[in-house]
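All remarks here apply to the structure that follows.
Bear in mind that the values here come from a model prediction, so they are computed numbers and not experimental data.
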Amino acid sequence: MFAARRLVIAAHAQHKSFNFLLKKLHVSAPLSKLDLNGVYPPISTPFTSDGKEQMDFDKLESNLNVYSKSPLRGYLVQGSNGEYVYLSPEERVEMVRRVRRAVPADRLVLAGSGCEATGDTVRLTAQMAEAGADAVVVVTPCYYKSGMTDAAMVAHYTAVADASSVPVVLYSVPANTGVDLSAAAVARLAQHPNIVGIKDSAGDISKLALMVHQTKGENFQVLAGSASFLLPALLVGCVGGICALANVLPAEVCQLQALFEAGRLEEAAALQRRLVAPNAAVTRQLGVPGLKAAMDDHGLYGGPVRAPLLPLPDAERQRLRQVFADAGFQ
């Protein structure tokens, strides 16, 4: 079903065009592959503390300087923890541009370019690529939930991938969207040469394992969407994670994957258990306000959230500190 579309991608993605044309001619040659292995924080968007809700690029660069000391693979810019739904398209693109300028070329910059409409997603994807993104991460459309069938999802992502000059990573986060991209749809989309992976945040290990199994013959990688199940995800074949907790504890989340890769599974399991409660606190319990408060407490700049989100109350902030302390992360 994607044969004709491969030629369209070749016209847009010059760095892949030779391999794509060879594939059309049935000549054996490997497709270029974006290696997603590793840990990525879905970085927060820093706003000024003067109440004007403007993006603070000095604080952004300061945070990135801290992150540079940890072996992160790269960054997701404008993911759910970046409050992207409250930013204008121009702000979203500028954030990507600033991150790309601030980090070395060997650190991947993944840009969230998902919009509700397919056409808007195609246009924003092109802008993210121009701003320097190595790949785009495209969240599922969700407003008309009953219409978001497998067929609709396949058509949406195919159109985006056909038009994109950079690789596309699928993004399923049903806790926020109410839409769970099915393993069957993922398996179909993995056949597309410009769709290279998925971030799945649902936490269903059996689904992660199924997606790894069903896509093993494709140029496709699966990323865990949370530090709370990173080790189980790695055990079933995922290649890393895009983890909110890595905004606060980047070295520790990276260490979890390093322990796994070194075969030190008992140590990895012990660390995984310690990460569960802090991760839950800054994700499903307290959300972005909790994440930013934890960043403030751990030598980074979280700063204010953008309305209508509210800052974390003092009582909740104290409870959050205790959760991290109880897990051994002061």
Side-chain angles (χ1 to χ4, degrees), residues 39-68 70 72 74-103 107-116 120-121 124-125 127-128 130-139 169 171 173 175-177 199 201 225-227 242-250 253 282-283 286-312 317 320:
V39 171
Y40 306 76
I43 61 175
S44 66
T45 300
F47 298 114
T48 55
S49 57
D50 56 9
K52 296 181 179 179
E53 296 189 344
Q54 295 178 337
M55 293 193 296
D56 191 328
F57 295 118
D58 289 338
K59 297 298 187 184
L60 171 64
E61 188 166 350
S62 176
N63 284 346
L64 292 171
N65 286 337
V66 174
Y67 293 145
S68 70
S70 298
L72 296 164
Y75 310 95
L76 171 57
V77 188
Q78 296 309 304
S80 299
N81 290 283
E83 297 172 79
Y84 78 91
V85 291
Y86 297 156
L87 271 61
S88 69
E90 293 77 16
E91 287 177 312
R92 293 173 69 178
V93 173
E94 184 61 21
M95 181 83 167
V96 171
R97 184 176 291 112
R98 297 289 184 130
V99 173
R100 181 71 280 173
R101 289 176 183 171
V103 303
R107 293 215 170 184
L108 294 180
V109 174
L110 312 180
S113 65
C115 303
E116 281 298 302
D120 288 342
T121 305
L124 188 56
T125 293
Q127 293 173 47
M128 293 301 196
E130 186 177 355
D134 295 294
V136 291
V137 178
V138 181
V139 70
V169 177
Y171 180 20
V173 54
N176 289 357
T177 65
K199 174 193 177 185
S201 298
S226 174
I242 300 176
C243 307
L245 189 61
N247 281 291
V248 185
L249 302 174
V253 179
V282 301
T283 54
L286 301 175
V288 175
L291 176 66
K292 286 191 163 183
M295 290 174 64
D296 287 332
D297 288 342
H298 286 80
L300 293 129
Y301 179 82
V305 292
R306 180 168 276 187
L309 285 176
L310 295 174
L312 203 65
R317 187 179 288 265
L320 177 64

For this session: Could I get the full list of side-chain contact (heavy atoms from CB on, under 4.5 Å) partners for Val138, not counting sequence neighbours?
Result: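 Expected list: Ser113, Thr121, Val136, His156, Tyr157, Val160, Val168.
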
If you define the side chain from C-beta out and look only at heavy atoms, does anything of [X] sit under 4.5 Å from [Y]?
{"X": "Val248", "Y": "Leu300", "result": "no"}
{"X": "Thr45", "Y": "Arg306", "result": "no"}
{"X": "Phe47", "Y": "Met55", "result": "yes"}
{"X": "Tyr84", "Y": "Val139", "result": "yes"}
{"X": "Met95", "Y": "Ile43", "result": "yes"}
{"X": "Arg100", "Y": "Asp134", "result": "yes"}
{"X": "Tyr171", "Y": "Ser201", "result": "yes"}

Is there a side chain to side chain contact (heavy atoms under 4.5 Å, CB included) between Met128 and Val93 once you walk through the steps?
CA-CA 6 Å; Met128 293 301 196; Val93 173; 4.1 Å; yes

Side chain to side chain donor-acceptor pair (under 3.5 Å) partners of Asn247, counting only residues at least two apart |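 Residues passing side chain to side chain donor-acceptor pair (under 3.5 Å) with Asn247: Tyr67.
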
Considering all heavy atoms, the nearest [X]-[Y] contact:
{"X": "Cys115", "Y": "Arg92", "value": "SG-NH1, 4.2 Å"}
{"X": "Leu76", "Y": "Tyr40", "value": "N-CB, 4.4 Å"}
{"X": "Gly303", "Y": "Lys292", "value": "O-CD, 3.5 Å"}

- Item | Distance in Å, Asp58 CG paired with Thr48 OG1, rounded so as to fall on 0.5 Å steps |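 Spacing of CG (Asp58) from OG1 (Thr48) equals 11.0 Å.
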
- request: Examine Arg98 relative to Phe57 and say whether NZ or CZ is less than 6.0 Å from the centre of the six-membered ring and inside a 45° cone about the ring axis.
  value: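 Output yes; distance and angle both within limits.
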
Requested in this report: Using salt bridge (Lys or Arg N to Asp or Glu O under 4.0 Å) as the criterion, list what pairs up with Asp297, not counting sequence neighbours.
Outcome: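 Applying salt bridge (Lys or Arg N to Asp or Glu O under 4.0 Å) to Asp297 gives Arg321.
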
